[in-house]
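A short write-up of the structure that comes next.
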Number of protein chains: 2
Amino acid sequence: MGSTAQFVILGMLSKEPMTGYDIRKRVKTRMGSFWDINYGQIYPTLRTLEKKGEVTKKVEIMENRPNRKVYSITNKGLNELKKWLLKPAEPESAKIETLLKVAFGEHLSKDEIIKHINEFKARNISRLEDASNIEKEMKAQLKKNEKYFFPLLTFSLGKSLHKAGIEWADTAIELIEKHKNFTKLYENGKNKISKIN
Amino acid sequence: MGSTAQFVILGMLSKEPMTGYDIRKRVKTRMGSFWDINYGQIYPTLRTLEKKGEVTKKVEIMENRPNRKVYSITNKGLNELKKWLLKPAEPESAKIETLLKVAFGEHLSKDEIIKHINEFKARNISRLEDASNIEKEMKAQLKKNEKYFFPLLTFSLGKSLHKAGIEWADTAIELIEKHKNFTKLYENGKNKISKIN
DNA sequence: TGCATATATATCTTTCTGATATATTATAAA
DNA sequence: TTTATAATATATCAGAAAGATATATATGCA
């Protein structure tokens, strides 16, 4: 029913046959910070999809280590994927804990808030670098293989969002640093126990 | 233990006493699309926090409708909130289903993809408008009341991210529209059943 | 030699989402 | 006027997702 995980798995398998482990890795690199799927969803879902005949399993016998279970999408699975792809997308959602901590910033000192924002900035820089590196590789191969057209589109949004995050961090720190009444604000926060808004 | 919901609730109550219903409304308007909390978390968590002595409840008896249960943060709750505020924030996460559908775009027609991107754009425009409106009100009150300083900081990131989304949508549609081999790409996608990458 | 990382599958608990139920009042539309 | 639906307010439940942990081996590297 309403489990997006199954369609992420079908979508990944529509590109090439993979193990559950591969699916996780691929979602991490291809979707960056804009989607995630973990083993707790992948392995049970693969079993459900197999029962429904939407994927097939080929076991590669391994010596002295877990057998590789390589899954492929079936025609039935591809049809289900396409049906889902035609439906309108769910609204975007995000979890930015840094914004939560900034929003409750009256309980923190200037330095503590700036520390949070700098860590936020560092994560955005690191993710921007990751996205740029993969984008570079894909762009080089785009001339030979058209299949990178769509993944590249998603990377361009990722890059823009991370850049926006980095720029915001810089201006936010500036604003906090030159804020004259900050200490007063902080003292108010410290002593306030559920007063009026 | 590791439930962020309780700290969101404590944070909201640190601003003023509220009902569970108020908390939901406030998170929606103040955090926009960057955090969400629903009743399934709010009401059980409020009970837990009450048991732990981190919030207190005052029941306002209502005639012919549910009594209002107004919660306030205690000193103990405020201390727990501050402890959490000092911890490093969890890495950002997001769910952008539109990107998922674009990434699997080889199974869709040009028009179908553009439709998804336009819907994404519309959501971003609407959220940008919401953020701008609330920001405007807050800015007007900032001169009188310093408390809006932090919420305003979060709104500025929200606005930037939505603007980035809108700009991406425009350039993505342009790229798709002028893409010559698109039909070929689509036909390949249509006929491909788990071939090589 | 020891440590970290990568490959690979699996499960389990906690947390979160989304939907639904109940009940009233206020407002807007037919 | 009636009808619908949005807003206020609390509450619960099933299903989905997150996060952590367990197991086992191989490989690279100080």
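Values reported hereafter were calculated over all heavy atoms of this structure, with side chains retained and with hydrogens, waters and symmetry mates removed.
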Original post:
Between A/Lys28 and A/Asp36, what is the shortest heavy-atom contact and its length?
Top reply: CE-OD1, 3.7 Å
Subject >> Non-hydrogen side-chain atoms of B/Glu106 and A/Lys15 separated by less than 4.5 Å >> reply: yes
Subject >> Separation of B/Met12 CE from B/Glu16 CD (nearest 0.5 Å) >> reply: 10.5 Å
Subject >> Given DNA chain D, 5'-ward residue of the pair B/Asp22 and A/Gly40, judged by closest heavy atom >> reply: B/Asp22
Original post:
A/Ile37 versus A/Ile9: any side-chain heavy-atom pair under 4.5 Å?
Top reply: yes
Subject >> Side-chain N or O of B/Lys95 closer than 4.0 Å to phosphate OP1/OP2 of D/dA18 >> reply: yes
Original post:
Expressed in angstrom and rounded to an integer, what is the separation of A/Asp36 atom CG from D/dA16 atom C1'?
Top reply: 14 Å
Original post:
Looking at A/Tyr21, does any N or O in its side chain come under 4.0 Å of the phosphate oxygens OP1/OP2 on C/dT9?
Top reply: no
Original post:
Under 4.0 Å between a side-chain N/O of A/Thr4 and OP1 or OP2 of D/dA17, yes or no?
Top reply: yes
Subject >> Distance test, side-chain N/O of B/Gln41 to OP1/OP2 of C/dT17, below 4.0 Å >> reply: yes
Original post:
Taking only N and O in the side chain of B/Asn38, is any of them less than 4.0 Å away from OP1 or OP2 of C/dT17?
Top reply: yes
Original post:
When all nucleic acid strands are considered with a 4.0 Å heavy-atom cut-off, which category describes B/Arg24: base, sugar-phosphate, or nothing?
Top reply: nothing
Original post:
Distance check: side-chain N/O of A/Lys69 vs OP1/OP2 of C/dA8, anything under 4.0 Å?
Top reply: no
